[in-house]
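Heads up: the structure comes next, in structure tokens.
Ligands are counted one by one from 1 in listed order, and the atoms in each one are counted from 1 as well. No hydrogens, no waters, no symmetry mates; every other heavy atom, side chains included, goes into these values.
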Amino acid sequence: EVLPVLPAPQKESAEQEGFADILSQKRQRHFRRGPPHLQIRPPNTVSKDGMQDDAKEREAALGKAQQEENTQRTVISWRGAVIEPEQATELPYKRAEASIKPLVLASKIWKEPAPPNERQKGVIEAFLHAWKGYQKFAWGHDELKPVSKTFSEWFGLGLTLIDALDTMWILGLKQEFKQARKWVSENLDFQKNVDVNLFESTIRILGGLLSTYHLSGDSLFLTKAEDFGKRLMPAFTTPSKIPYSDVNIGTGFAHSPQWTSDSTVAEVTSIQLEFRELSRLTGIKKFQEAVEEVTKHIHSLSGKKDGLVPMFINTNSGLFTHPGVFTLGARADSYYEYLLKQWIQGGKKETQLLEDYVKAIEGIKAHLLRQSQPRKLTFVGELAHGRFSAKMDHLVCFLPGTLALGVHHGLPADHMDLARALMETCYQMNQQMETGLSPEIAHFNMYPRADHKDVEVKPADRHNLLRPETVESLFYLYRVTRDRKYQDWGWEILQSFNKYTRVPSGGYSSINNVQNSHKPEPRDKMESFFVGETLKYLYLLFSDDLELLSLDSCVFNTEAHPLPIWAPA
Ligand code: DMJ
């Protein structure tokens, strides 16, 4: 099988082409090529019915055993009723047996990096300390509880281990990677009667497996990804095709949370990079079709405000619920991120995504941006039924990075001005705290009063969960500007993590109070994203090698798992 080398997409800077030109040219191409969900094709031949020839071959090669299994599924019993499979929530899949032969081989997003510099060695040291705790007290479990030296389970799928696989690869931790791979090979079994959150498990598990496949070229990870992806598919069997929030990967029973039939907008719109890539790799169209149905639906849905989306959507009606509340924080954040990143992933052909993204940025500027006092920090607040609130989640700190990424890919220069301003604000959200670590939520002071600081924190919001967003954005800002102050800011934050969240026996812990350096109060939990994202972005931030996971060859999912940018058609 030929390894399709994914060439770096042509640079389309605003200077070269003019931003308006980018849009109009793309629009024409888009118009000629039919609806968006049919436009994205892997770089293989496509037959009449849209299924790739290679995929057909592969499916044929999967052989008789698979066919027999399918036949047995034509009539199934689901909760006492005999129903046709199309009407049913799909049955659980058999555990993945042999490694599958991928349709598209692992991409060349990885090249051997230069030896780590001093700061990168600092990150490796931090990772190994985190890993020591996980190995000793939580091996194969979801999350380390470093203070009580035990673990907690969320899905019971070794979440931290999977989230950290590609970080180990990138940091060059061969032994640790090898040991973790062995666990995946021998112990990771998705045939489990357990509910998983579709979004969280997609970005962490599916994303982690796919990126590790691309980095390592080891088909074990793709086999596992395909198995897991199939088990998530019942989530899409809703009247509106807007997926349920939860799905049981063992029984195939998908459902909303007990108290509502709503799903969260960010959750249903931030699984696309992963499912699209899974389709590209396996040739199985349904993954991509399911998530693009959601994108299409939300694109044409009313209830937005200048490109800004509400936080909830109903799985029965397909309509936004609780309208009139707009935030870039929890429940909406990665909707915006994935508009841009899907456009990049698909080789900048899906103009609708770009248009929605650009419109949303204008919506942010029009409705959510303000400046604080006394330092005039630019921040992104929230709007609830016409009332502005000067509240900004730390989660919003993904935005400067996303804006910078857009500029790298040719979007207007004023996006970069906003990225720089917001980056300064996110840094201040860390720097103005006694511990040098950001609270979960900040409130900005908008009135000139001598006794007030720019950033204020309510008692309930003083915790820090070891989240990545500030350092994620620092990584992008440094890549795009090469301004070393961003590296220095990241280094300060790493020192603060070491000083206030490190647990001597191994691991790092989220803390309760970023404003008390004497008593930060460990919460006794190391979230999987600390090793999946925070430390990875710090390591990449400190690298001066632009080719190390180049922004022109890969796009990071919202859990920091790099996936290839598809070849231009
Ligand atoms: C991660 O799971 C992802 O970054 C997600 O997009 C937001 N929440 C956490 C990190 O804060």
Side-chain angles (χ1 to χ4, degrees), residues 130 142-144 152 154-155 157-167 196-211 245 263-275 291 309 311 327-342 345 380 392-403 405 426 429-430 437-442 461 463-476 493 497 501 508-511 514 523 525-538 540-541 555-563:
D142 282 345
E143 289 139 345
L144 169 66
S152 55
W154 186 7
F155 309 141
L157 296 172
L159 198 60
T160 295
L161 189 148
I162 301 174
D163 225 359
L165 282 166
D166 58 5
T167 306
V196 301
N197 173 283
L198 173 68
F199 162 73
E200 296 289 358
S201 66
T202 296
I203 64 169
R204 300 182 199 216
I205 297 177
L206 187 54
L209 291 169
L210 289 173
S211 69
S245 58
S263 285
T264 293
V265 171
E267 292 195 356
V268 302
T269 55
S270 312
I271 49 180
Q272 279 68 6
L273 290 176
E274 299 81 358
F275 276 87
V291 293
V309 288
M311 296 148 81
T327 174
L328 260 282
R331 298 188 184 277
D333 47 1
S334 42
Y335 160 74
Y336 304 99
E337 179 187 347
Y338 268 38
L339 288 174
L340 178 74
K341 288 185 172 176
Q342 285 181 84
Q345 178 191 44
V380 183
M392 177 164 154
D393 294 351
H394 179 263
L395 287 169
V396 182
C397 289
F398 81 93
L399 185 59
T402 297
L403 287 164
L405 177 65
C426 289
M429 282 167 63
N430 288 267
L437 295 172
S438 170
E440 178 72 358
I441 300 171
D461 306 331
H463 49 291
N464 179 294
L465 303 183
L466 313 172
R467 285 195 192 277
E469 289 76 17
T470 299
V471 297
E472 168 185 354
S473 282
L474 288 172
F475 157 68
Y476 286 108
I493 291 173
F497 278 130
T501 72
Y508 288 74
S509 171
S510 49
I511 54 173
V514 294
R523 286 163 74 109
K525 182 144 156 183
M526 185 173 83
E527 302 278 350
S528 79
F529 48 69
F530 183 64
V531 283
E533 294 195 73
T534 309
L535 293 179
K536 183 190 292 151
Y537 280 129
L538 280 165
L540 295 174
L541 164 67
V555 62
F556 291 84
N557 86 340
T558 192
E559 189 74 7
H561 298 303
L563 299 173

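Closest to atom 8 (N) of ligand 1 among all protein heavy atoms lies Arg467 NH1, 3.5 Å. Counting only heavy atoms of the protein, atom 2 (O) of ligand 1 lies nearest to Glu559 OE1, 2.5 Å. Taking atom 10 (C) of ligand 1 as the reference point, the nearest protein heavy-atom neighbour is Glu469 OE2, 3.3 Å.
Neither the backbone nor the side chain of Ala560 has any atom closer than 4.0 Å to an atom of ligand 1 (non-hydrogen atoms only). Under 4.0 angstrom from ligand 1, the non-hydrogen atoms of Ile203 all belong to its side chain. Under 4.0 angstrom from ligand 1, the non-hydrogen atoms of Arg204 all belong to its side chain.
Contact analysis leaves His394 out of contact with ligand 1, as no non-hydrogen atom separation drops below 4.0 angstrom. Not a single heavy atom of Glu337 sits under 4.0 Å from any atom of ligand 1. Distances from ligand 1 to the non-hydrogen atoms of Ser334 include no value under 4.0 Å.
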Requested in this report: Give the C-alpha distance, both sets of side-chain angles, the deciding distance and a yes or no for side-chain hydrogen bond (donor to acceptor under 3.5 Å, both in side chains) between Glu143 and Ser152.
Outcome: CA-CA 5 Å; Glu143 289 139 345; Ser152 55; 3.0 Å; yes

Query raised in the report: Does the pair Thr160 and Ser528 meet the rule for a side-chain hydrogen bond (donor to acceptor under 3.5 Å, both in side chains), with working shown?
Result: CA-CA 4 Å; Thr160 295; Ser528 79; 4.9 Å; no

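For ligand 1, the atoms lying closer than 4.0 Å to a non-hydrogen atom of Leu395 are 7 (C), 8 (N), 11 (O). Under a 4.0 Å criterion applied to the non-hydrogen atoms of Pro468, ligand 1 contributes the atoms 10 (C), 11 (O). Remark: ligand 1 atoms within the under-4.0 Å shell around heavy atoms of Thr558 are 3 (C), 4 (O), 5 (C), 6 (O).
Using modelled atom types, one side-chain atom of Gln272 and one backbone atom of Val291 make a donor-acceptor pair closer than 3.5 Å. Under the 3.5 Å distance criterion, the side-chain polar atoms of Ser270 are left unmatched by any main-chain donor or acceptor of Glu267. A donor-acceptor distance shorter than 3.5 angstrom exists from the side chain of Asp142 to the backbone of Leu157, with no hydrogens or angles considered.
Where the criterion is an N or O separation shorter than 3.5 Å, residue side chain and backbone included, Glu533 meets it with respect to ligand 1.
Of the options Phe529, Phe199, Phe530, the smallest heavy-atom separation from atom 9 (C) of ligand 1 is shown by Phe529.
Under the ring pair (Phe, Tyr, Trp, His ring centres under 6.0 Å) criterion, Phe497 pairs with Phe530, not counting sequence neighbours.
Interatomic distance, NZ of Lys525 versus CD1 of Ile511, reported as 16.0 Å (0.5 Å rounding).
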Let me have the donor-acceptor pairs involving side chains of residues 465-474, under 3.5 Å, with sequence neighbours excluded, atom names and distances please.
unit_1 : atom_1 : unit_2 : atom_2 : d
Arg467 : NE     : Glu440 : OE1    : 3.0
Arg467 : NE     : Glu440 : OE2    : 3.2
Arg467 : NH2    : Glu440 : OE2    : 2.9
Glu469 : OE1    : His394 : ND1    : 3.2
Thr470 : OG1    : His394 : NE2    : 2.6
Thr470 : OG1    : Asn430 : ND2    : 3.3
Ser473 : OG     : Cys397 : O      : 2.5
Ser473 : OG     : Phe398 : O      : 3.3
Ser473 : OG     : Gly401 : N      : 2.8

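Counted by atom type alone, Thr402 and Glu337 present zero donor-acceptor pairs between their side chains at under 3.5 Å.
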